[in-house]
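Note: hydrogens, waters and symmetry copies are ignored here, and every other heavy atom, side chains too, is used. Order of the sequence lines sets the chain letters (A, B, ...), proteins ahead of strands, with each chain counted from 1.
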Number of protein chains: 2
Amino acid sequence: MEYQEAKEKFISTWGSLGSMWGINKAMAQIQSLLFISTKPLSMEEIMDELKISRGNTSMNLRQLMDWGIVTKELVPGERKEFFTTEKDVQELARHIAKERSRREIKPVIKVLKEVSSIQDDGTAKTKELIKQTKALHDLADAADSLLNKIATQEQNWITKSLLKLFK
Amino acid sequence: MEYQEAKEKFISTWGSLGSMWGINKAMAQIQSLLFISTKPLSMEEIMDELKISRGNTSMNLRQLMDWGIVTKELVPGERKEFFTTEKDVQELARHIAKERSRREIKPVIKVLKEVSSIQDDGTAKTKELIKQTKALHDLADAADSLLNKIATQEQNWITKSLLKLFK
DNA sequence: CTAAACTTTCAATAATTTATGAAAGTTTAT
DNA sequence: ATAAACTTTCATAAATTATTGAAAGTTTAG
């Protein structure tokens, strides 16, 4: 396998991994392209490389910027904009963990709290609803704390976590 | 908020959380319905409750069984089949972690290994591809180990993990 | 100010995913 | 063996999500 093939394999695999986790293909592919690029890329270059439209590129770049993992780079003397992604995998993981927590997990925890706090009317089904949603709430809450600790931890958390956790 | 409202809120929230993480709505909703049910439910009951078709119910129940989180229950004297989900959240989380690792993370790690193992031809772009995919490989590998440790750990891992990790 | 260079928006369309329902398949009781 | 009870399959439909491309918007150079 040589460069071009490896690159394509990486980008397409990353793209389909994204889909499995609710991230659209174009977004994942743009990010992965930037991730292995040796220099910032313009919109034009991204479009060409991935064979996607201008609009699609623009919208997905915006989303990546909203997620905080892609930034605009202003190249002196150039009029157009260039883009780079966070190159450090740890930092990348941290951003994603933080955002997923904020956007997706926290709101669900809130609902679980509401639902598990309803008045116990004494019936078995109400008791079960309360019991189960409370258990889920506690799990989600613990998982979210873990995620956030990780997200705000200094470098190399994974290595350190593994050490602490399984020593 | 009383029982019916709380129940619906829980089921619909759980359904949309599923979508964010690549799990279809019906599947998530069936699981959540079973999760708060005080008894095993028949296909008929699930269809009625969630207003989904027989085919859809059947296919999603099969998927849930493939994931190992729903099982058929044979009620003596009854001809039809009944279904229950794992009621213990820890066990549930463990199943899901294990399956996601096996189905999604492991294959990606394999690709990352292949891609990061290409011949270094000395060019900057090849070096970058190797470096970045290797970093990603190491991260994915570490995260996967963590997930699997969690998945095979005894009860209450979260509490224990948190203690160890942040004491 | 104005025109060129570039980016964003968004209505229309395409692609993908999910759901339906009836036919085919299976199991069980008699 | 057969018919009723029940489940699965799968072609088709519906719904959702992603993509396009051209028009509108913005910025910068001169």
Inset, instruction - Examine A/Arg62 relative to A/Trp67 and say whether NZ or CZ is less than 6.0 Å from the centre of the six-membered ring and inside a 45° cone about the ring axis. - result: no
Legend entry - For atom NZ of B/Lys80 and atom P of D/dT7, their distance in whole Å: 8 Å
Inset, instruction - Could you state the atom-to-atom distance from CD1 of A/Ile23 to P of D/dT17 in whole Å? - result: 15 Å
Legend entry - Euclidean distance, atom CZ of residue A/Arg79 to atom C1' of D/dT28 [Å, nearest integer]: 4 Å
Inset, instruction - Taking atom types as modelled, find out whether A/Thr38 and B/Glu128 have a side-chain donor-acceptor pair closer than 3.5 angstrom. - result: no
Inset, instruction - Salt-bridge test for A/Arg94 and A/Glu99: reply yes if a basic N is under 4.0 Å from a carboxylate O, no otherwise. - result: no
Legend entry - Length of the CG-P vector between B/Leu41 and D/dT7, whole Å: 13 Å
Legend entry - Sub-4.0 Å heavy-atom contacts from residues 42-77 of chain A onto DNA chain C, ordered by number: A/Met43, A/Arg54, A/Gly55, A/Ser58, A/Met59, A/Arg62, A/Lys72
Inset, instruction - Scan side-chain atoms only and decide if A/Asp121 and A/Thr126 contain a donor-acceptor pair under the 3.5 Å cut-off. - result: yes
Inset, instruction - Using a strict cut-off of less than 4.0 Å between a Lys/Arg side-chain nitrogen and an Asp/Glu carboxylate oxygen, indicate whether B/Glu49 and B/Lys7 qualify as a salt bridge. - result: yes
Legend entry - Closest-nucleotide ordering on DNA chain D, the 5'-leading residue of A/Met27 and B/Glu81: B/Glu81
Inset, instruction - Verify the contact: side-chain N or O of B/Asn24 to OP1 or OP2 of D/dT16, cut-off strictly under 4.0 Å; return yes or no. - result: no
Inset, instruction - In plain terms, say whether A/Glu114 and B/Lys9 are close enough for a salt bridge, that is, a side-chain N and a carboxylate O under 4.0 Å apart. - result: yes
